[in-house]
Every structure is written in structure tokens, then in C-alpha cells.
Amino acid sequence: MDDYHFFLKGGVVIDRETQVDNPTKWLPESAWDNITELDKLPNFHGLINSFEMEQREWHSWYTSAEPEKTTMPGEWDRSLNELQKMLILRSIRPDRVTLCATTFIINNMGVKFTEPPVLDMKSVVEDSTARTPLIFVLSSGVDPTNELIQLAVTLGMSNRFQSLSLGQGQAPIATRMLKEGVKKGDWIFLANCHLSLSWMPQLDKIVEQLQVEDVHPDFRIWLSSTPHPQFPISILQVGIKMTTEPPKGLKANMKRLYGLVTEDVFYHCEKRTKYSALLFGLCFFHSVLIERRKFLMLGWNVVYGFNNSDFEVSESLISIYLDEYEETPWDALKYLVAGVMYGGHVTDDIDRRLLTTYINDTFHDKAVTTPYYPLSKLQTYYIPKEGELQSYKDYIENLPNADHPEAFGQHPNADIASQIIETRNLLGTLLSLRPQVSDSEGESQEDKVLALAADVLKRIPENIDFEATKKLLSHDPAPLNVVLLQEIQRYNALLDVIRVSLVDLQKGIKGLVVMSSDLEQVLVCMSEGKVPPLWEKAYPSLKPLGSWTRDLVARVEQFAKWAETGHQPVIFWMSGFTFPTGFLTAVLQTCARRNNVSVDSLQWEFNVSTLDDNNIVETPKDGVWVRGLFLEGAGWERRSSHLVEASPMMLVNQVPTIHFNPVEASVKKKSMKGMYMCPCYYYSNRTGSSGRPSFIVGVELKSGPHPAEHWIKRGTALLMSLDY
């Protein structure tokens with residue numbers, strides 16, 4: 001069980017002072033944490049020594065394309081079983097865990113447990129009764145309505161089929177439909193239950209009533225909903241759950257879209273050459289937008305439900321505008337397609353910029369006049385020569401089944417980054433399904449948490465003396481000093497919450513106080529190596545407990561030094577602020593007062609230093625030096641000070657210290673040529689939360705040998721905090 005628990009949770013290291021030093025330059029600290037903790041398990045003694053003695057062999061294994069199929073160094077390949085090998089893979093190459101877990105299941109249970117069954121809705125109806133709710137669990141891009149209508153026609157229920165999309169004001173109608181349907185034997189389809197959560201308790205009672213009252217044998221209640229914690233569990237327990245995934249890959253999506261284009265539609269437009277080229281470009285555009293989801297935060301900041309209606313209406317617009325105008329109105333077409341049809345879904349400004357970049361690649365004269373116009377940097381994807389409808393379908397049939405990241409304008413590292421997040425989600429789900437019981441052997445869960453709580457209590461720093469700092473700074477009410485006092489208050493409050501909850505948790509485990517729901521949550525989170533939600537109110541973070549604790553110590557240390565001396569740091573670690581936007585506003589205010597100008601007239605100018613931090617010894621005249629930002633989706637050329645492609649396996653790169661310099665808008669250079677406006681986010685969840693957006697500021701960086709559009713497609717961004 002120890003092996004399985006490590007597979008789920010990994011290694012938690014609170015104090016690195018007692019940890020063996022990482023002997024390699026290529027292994028991330030988070031991976032070394034896992035290795036040092038894994039070495040403590042019975043079958044892995046000597047693993048640390050192996051990394052010290054066989055660095056070259058381990059580096060070769062670490063950088064291989066398929067490490068799970070590559071022989072491990074030394075005796076490890078022969079001495080470990082399949083699960084134990086997965087622990088090493090989970091420790092240093094988490095991007096391969098999902099694939100390896102699939103192979104493990106096939107080898108031990110059979111291939112049928114890894115392949116989703118084909119959904120046969122007719123057999124679902126036969127297996128159900130009038131009292132069984134039939135529930136579609138919706139995934140993005142899938143709408144079961146048409147299939148359900150077709151099934152009703154096939155089974156002779158079309159005249160007794162009623163559907164209703166739930167939402168505001170629809171609850172009374174749904175209640176009436178159900179009451180009548182139970183008597184008449186109708187099929188009632190209530191779509192989008194997640195949009196009517198307030199009515200779900202009432203629906204729960206109706207379904208409960210079905211189990212005891214007389215129901216017409218032909219009656220069926222169909223429901224659809226996205227996964228939501230407020231959906232009634234009792235309905236899920238008595239119902240039959242179904243789900244279908246949308247087609248995956250550019251080829252599958254383009255094939256599906258061309259299946260919607262009939263002969264009449266294809267030959268309707270009079271300007272055949274332009275129309276056929278733009279239709280293919282639109283098909284590729286739509287497929288790319290949908291498939292970028294697989295890159296998660298490197299794909300879209302927010303997941304959007306682009307659907308067939310967007311494609312069909314855009315196709316009609318292309319046909320109408322080409323026939324109506326002798327000279328194609330590109331700007332109008334791009335606005336209607338990307339700004340209105342597809343852009344109507346988009347709520348994030350950075351995502352809107354990406355959408356505009358893609359449409360600009362396809363909707364222009366060269367796309368319809370250049371033979372075999374390329375749609376990506378890969379030679380595989382281009383607009384075929386003009387032909388019949390079937391010729392385009394044949395071309396799509398010959399496209400590769402697996403999509404290279406470059407087809408989307410992405411770096412191969414983007415695949416690795418998304419696979420790591422998939423692994424994290426998989427392990428998080430498995431952890432949530434684990435029964436909350438003590439281990440039958442060895443140390444109990446409570447004992448482990450007690451030891452961990454004592455370790456965290458020992459590590460967290462003392463509160464910063466707020467009153468002494470306030471007195472020290474009383475003669476200088478500068479904006480940055482106000483920010484310092486606010487940060488001290490927030491961190492002191494957080495430290496108090498942590499101490500109280502840990503002390504109470506220790507007492508609760510020992511039976512000295514009653515365990516509240518909050519304390520139980522702290523217990524569960526700490527046993528899983530996660531940060532309790534109670535501690536996350538000061539600032540958002542996705543770090544596991546060990547690195548979060550070390551990060552908190554560093555954050556408090558920055559402000560403790562500042563408070564002790566009353567002098568601002570030469571270089572600010574902006575990531576340590578709970579509200580960096582307040583810090584940046586204070587910098588603008590300071591500059592405005594010093595130069596006697598309006599704050600509104602100031603804009604940021606950014607200069608990335610070519611010096612080491614040790615050589616920066618003075619604060620700048622205006623603005624501040626900022627360190628500790630990480631570049632995701634690109635690398636950085638320090639000497640020339642511009643963006644470059646990231647090295648393989650380097651998912652993030654630390655950027656040198658940047659001078660955030662406020663300048664008057666009238667003085668700032670207007671041209672953005674050769675510059676990329678790089679969004680800076682507080683943490684890797686670029687969407688943020690409803691009450692706390694993650695976006696902080698747009699930082700202008702030199703785009704180097706590539707245009708800004710290249711980095712837009714790469715999803716290149718600055719992160720103030722990593723997940724480890």
C-alpha cells in the first residue's frame with residue numbers, strides 16, 4: 001500500500017535543509033523531492049546513490065521520448081515490478097504517467113477497461129424501466145438532442161417525445177411536463193440541468209416519488225447535465241449514466257464538418273474558387289479552435305463551447321458576401337466570423353487576440369489566389385486545389401490521425417505540459433476516491449498528519465511586528481509603505497489561521513477537542529499533501545503542501561526584512577505580494593508624485609536586464625526592479641534580450657530581472673513592431689477565480705526572430721508562481 005500511496009501523493013518535503021543535495025543540473029527540484037522521499041520506501045533504498053553514480057544513464061532515460069519503454073539504469077529495471085517502475089516515472093516524468101497507467105491496466109485487467117464502449121441508446125432504453133432516470137453527462141462539444149430525437153422516431157415515440165432546455169423560469173413547465181408524462185407514457189427530455197440547480201432538489205423529490213407511485217410503462221425521463229457537485233447524488237445512484245466524447249483530432253473534426261456540407265450548399269456560391277478555398281480554411285480554423293483545448297492553459301485561458309452552428313452560419317456568411325461583393329470585404333468577413341460568431345463565445349481578451357491571429361492567417365487574398373496555400377508551418381496542412389466536394393473529403397482522409405503541436409502553432413513542450421496536468425487531475429481523482437481510513441499496517445494516517453503538522457508549525461515564521469513597522473514608517477506615508485503595511489496585515493492573519501488550525505488539529509487527533517468540518521478538511525488535505533482551502537484565502541496557489549510552505553516562508557521573509565529596516569528592497573520579488581496590482585499601482589503613484597504628473601498619463605516601459613542580480617546594487621530613478629518571473633511557452637536569450645524557442649523538456653524558463661519603468665504616454669515609443677505583449681499571470685491557472693483574476697499586467701518583450709503572432713499561438717506568458 002505504501003507504493004500505491006506514493007503513486008497518488010508523491011513526496012512531501014517541508015524542510016530542504018536536511019535533504020540530500022540534488023547532484024544533477026537537469027532534474028527539477030520537485031522531481032528531486034520525489035526521489036529523496038521514494039528512497040525511503042523498502043524497495044527503493046539506494047535510489048539517491050544511483051542518481052549520484054549514474055547521472056549520464058539517468059539523464060538519457062529522463063530525456064528519452066518514451067521512458068516507460070526504455071531500460072532503467074543499473075539493477076532497477078530487473079529489481080522493480082511494473083507498479084514500482086511507475087513510481088520512478090511518476091517522480092521525474094509525470095507527463096508519461098497516464099499512458100503508462102493505461103498499459104498497466106491492459107496488462108493486469110484487459111484492454112476492455114481502457115476502451116470506452118460504443119453508446120447504444122436503444123439497448124439503454126431496453127435496460128431501463130419507467131422509474132429509471134436516463135442521464136447524459138455532457139462533455140464539451142457534444143449535444144445528444146438529435147440522437148435522442150432519432151431514437152424516438154426509430155422506436156415510434158416521436159409523437160410522445162417532449163424536450164425542454166432548463167433555465168430561468170422553466171421549472172414550472174418542467175414539473176407540469178413530468179406529471180403529464182407519467183400518466184400518458186411520454187418521453188420527457190430535460191436538457192442542461194446544470195442551468196437550473198435551484199430546481200434540482202424538487203427534481204430529486206419527483207424522481208423519488210417515481211419509485212413508489214404507478215407509472216406508465218412507456219414513460220422515460222431523460223436528463224442532460226455537465227458534471228456539477230450540486231447535481232443530486234440520489235438521482236445519479238438510481239439512474240443510468242451515459243456520456244460520449246466529441247471526435248478528437250484535426251482530421252476527425254474536419255471530416256465531421258465536411259459531413260455537414262451538402263452538395264447543394266457546396267455548389268450554391270457562384271464564386272466557386274474563392275468559396276471552396278475559404279470553406280476549407282474555415283473548416284481548419286474551426287477544428288484548430290476546438291482542438292486547442294487539449295493544451296489546456298497553453299491553448300485557451302477559458303474553455304469555450306464552439307459548435308456546429310458557428311461553422312454553419314459562418315459558411316453562409318462567406319457564401320453571401322462572396323456573391324454580393326465583387327471585391328471581397330475581408331475586414332467585414334473577419335469581424336463577423338471571428339468577432340461575432342466565434343468571438344461571441346470568447347470572454348478573455350488574450351483569447352480574443354488568439355482568435356484574431358488565426359482568422360488573419362486564413363481570411364485574405366493570398367489564401368484564395370496562392371496554390372496550395374499553407375495553413376500551418378507543417379507541409380501537411382494546406383488548402384487543396386479547387387475540385388469537387390469529394391476531393392476535399394479525400395484530402396482530409398489522408399491527413400495524419402495524430403496532430404503534431406506545430407499544426408496549432410504550438411511547441412512540442414506544450415504536449416508535455418498538458419500531459420502533466422492530465423496526470424495531476426488523474427491522481428487527484430484517484431485520491432478523492434480513496435476511502436478515508438487508517439492504514440492497516442505501519443503508521444496510521446493520523447500519526448503521519450501529526451508529524452507533518454508539527455513540521456509545518458516548526459517551519460512557519462513568526463508574525464511581523466505590525467505596530468513597530470507602522471511607527472517606523474509613520475514619517476513617510478509613501479504609497480509603497482502603505483502597501484507594505486497592508487501585506488503585513490494579510491500575512492499575519494494567514495499565519496494566525498495556520499497556527500490555530502494546526503494546534504486545534506493536533507488536539508482533535510488526540511481527542512482533546514471536537515473535530516469541526518474545517519479541521520477534518522485540514523486533516524484530509526494534509527494527508528494528501530495538499531494545501532487546505534482555509535489557508536488559501538490570502539492568495540491563490542496550485543503548489544502542493546511542501547513547496548507551498550517553503551514559498552510562504554520566503555514570502556514572509558521578504559516583508560520581514562523590509563519592515564525591519566524600513567528601506568525598500570533594491571530588487572522586488574513581486575510574486576511574494578498577495579496583491580501585485582496594488583504594488584504596481586503604488587509604483588505608478590510614487591513616480592507621478594516625484595515628477596508632478598497625473599497617474600493616468602503614465603504607462604509601463606519594460607527593460608529586461610542583461611546583468612546578474614548580484615550586479616544590480618541601486619534602485620532605479622523611476623520604477624522598480626522585479627525578479628522571479630517565469631516564462632511559459634518560450635525561452636529567453638539573455639545576451640540579445642529577446643524571446644527564443646524553449647529547449648526540449650524546459651516547460652518554464654526564469655526571466656532575468658526586469659525594470660518596470662513608468663513613463664508618460666506621450667514619451668513612450670508607439671511602435672509595437674518586433675515586440676510581443678506578454679500577459680503576466682499570478683499563477684498557472686490563467687483564468688483565475690470569480691473573485692480573483694489571475695492576469696496582472698501585460699509586459700512588452702522583444703519577439704526576436706519570430707513575429708508576435710508566433711508567440712500568441714504558442715500561448716507564451718509570464719507566470720509569477722509555479723505549481724511546484
Side-chain angles (χ1 to χ4, degrees), residues 2-13 22 24 26-41 44 47-48 50-51 58-70 72-73 76 80 82-105 114 294-299 405 410-434 528-531 541-548 630 632-633 646-653 683-685 719 721-724:
D2 282 344
D3 289 350
Y4 181 61
H5 288 164
F6 185 92
F7 177 69
L8 296 184
K9 296 189 288 187
V12 178
V13 177
N22 186 349
T24 72
W26 44 267
L27 196 63
E29 291 301 323
S30 57
W32 186 244
D33 287 348
N34 286 329
I35 292 298
T36 54
E37 293 301 299
L38 187 58
D39 186 86
K40 298 174 183 177
L41 296 184
F44 295 91
L47 186 60
I48 292 175
S50 177
F51 269 84
W58 277 112
H59 182 258
S60 177
W61 185 85
Y62 172 72
T63 54
S64 62
E66 296 180 319
E68 69 276 10
K69 297 180 181 178
T70 306
M72 286 183 178
W76 297 105
L80 299 179
E82 192 176 6
L83 176 61
Q84 289 164 349
K85 288 177 183 177
M86 282 174 63
L87 300 194
I88 294 182
L89 192 76
R90 183 248 188 273
S91 296
I92 62 177
R93 281 295 301 272
D95 56 299
R96 306 299 296 177
V97 166
T98 305
L99 296 169
C100 195
T102 302
T103 305
F104 181 83
I105 292 169
T114 63
K294 74 177 184 177
F295 299 111
L296 305 173
M297 286 297 162
L298 282 169
Q410 285 280 15
H411 191 278
N413 283 351
D415 261 344
I416 297 173
S418 61
Q419 287 163 1
I420 288 174
I421 296 176
E422 281 183 14
T423 296
R424 198 176 295 147
N425 293 338
L426 169 68
L427 298 177
T429 303
L430 289 172
L431 264 175
S432 68
L433 296 173
R434 193 170 58 106
E528 296 176 356
K530 296 178 182 177
V531 181
S541 176
L542 295 177
K543 291 178 182 290
L545 181 61
S547 55
W548 185 89
F630 299 91
E632 185 178 35
S647 302
M649 295 294 296
M650 290 296 290
L651 306 185
V652 291
N653 294 275
Y683 63 134
S684 61
N685 179 6
L719 302 179
S721 172
L722 302 179
D723 298 350
Y724 50 84

### Query
Are the side chains of Thr63 and Pro648 in touch, meaning some heavy atoms are under 4.5 Å apart?
no

### Chi angles and distances behind the side chain to side chain contact (heavy atoms under 4.5 Å, CB included) call for Thr98, Gln419
CA-CA 8 Å; Thr98 305; Gln419 287 163 1; over 6 Å; no

### Message
Just verifying a value: how many Å separate Ser91 OG and Ile35 CD1, rounded to the nearest 0.5 Å?
### Response
4.5 Å

### Query
Which atoms form the tightest heavy-atom contact between Glu528 and Lys9, and what is the distance?
CA-CD, 3.4 Å

### Query
Just wondering, do Thr103 and Glu68 contact through their side chains at under 4.5 Å, heavy atoms?
no

### Query
Should the pair Trp32 and Phe51 be assigned to parallel (<30°), tilted (30 to 60°) or perpendicular (>60°) ring geometry?
perpendicular

### Query
Who are the side chain to side chain donor-acceptor pair (under 3.5 Å) partners of Thr24, not counting sequence neighbours?
Asn22

### Task
Output all residues satisfying salt bridge (charged side-chain N to carboxylate O under 4.0 Å, His left out) with Arg93, sequence neighbours left out; order by chain, then residue number.
Asp95

### Task
Kindly give the heavy-atom pair with the smallest separation between Ile420 and Pro94, and that separation in Å.
CG1-CG, 4.0 Å

### Query
According to the interplanar angle, ranging from 0 to 90°, do the rings of His59 and Tyr62 count as parallel (below 30°), tilted (30 to 60°) or perpendicular (above 60°)?
tilted

### Min side-chain heavy-atom separation Val531-Lys543 under 4.5 Å
no

### Query
What residues form a side chain to side chain donor-acceptor pair (under 3.5 Å) with Trp76, not counting sequence neighbours?
Ser50

### Query
For Glu422, what residues pass the side chain to side chain donor-acceptor pair (under 3.5 Å) criterion, not counting sequence neighbours?
none

### Summary
In short, Leu651 meets Ala417 closest at the heavy-atom pair CD1-CA, 4.2 Å

### Query
Taking C-beta and beyond as the side chain, do Asn413 and Ile416 meet within less than 4.5 Å on heavy atoms?
yes

### Phe295: ring-ring contact (aromatic ring centres under 6.0 Å, His included) partners, not counting sequence neighbours
Phe408

### Summary
Rounding to 0.5 Å, atoms CD (Glu37) and CZ (Phe6) come to a distance of 7.5 Å

### Nearest atoms (heavy-atom pairs only) where Pro412 meets Pro405
CA-CG, 3.9 Å

## Note on the structure
Residues passing the side chain to side chain donor-acceptor pair (under 3.5 Å) test with Ser684, sequence neighbours excluded, are Asp723

#### Entry: Nearest heavy-atom neighbours spanning Lys294 and Ser418
O-CB, 3.1 Å

### Message
Does any part of the side chain of Ile88, heavy atoms only, come nearer than 4.5 Å to the side chain of Trp61, both counted from C-beta?
### Response
yes

### Query
Do the non-hydrogen side-chain atoms of Ile421 and Asn425 ever get within less than 4.5 Å of each other?
yes

### Query
Taking atom CG of Asn685 and atom CG of Leu719, what is their separation to the nearest 0.5 Å?
10.5 Å

#### Entry: Asn34 vs Ile92, side chain to side chain contact (heavy atoms under 4.5 Å, CB included): CA-CA, chis, key distance, verdict
CA-CA 8 Å; Asn34 286 329; Ile92 62 177; 6.0 Å; no

### Query
Say you draw a straight line from CZ of Arg90 to SG of Cys100; how long is it, rounded to the nearest 0.5 Å?
13.0 Å

### Task
Answer yes or no: is there a side-chain heavy-atom contact under 4.5 Å between Val652 and Tyr724?
yes

### Task
Would you give the length of the straight line joining atom NE2 of His5 to atom CG of Leu41, rounded to the nearest 0.5 angstrom?
11.5 Å

### Task
Working to the nearest 0.5 Å, report the span between CG of Asp3 and CG of Leu80.
9.0 Å

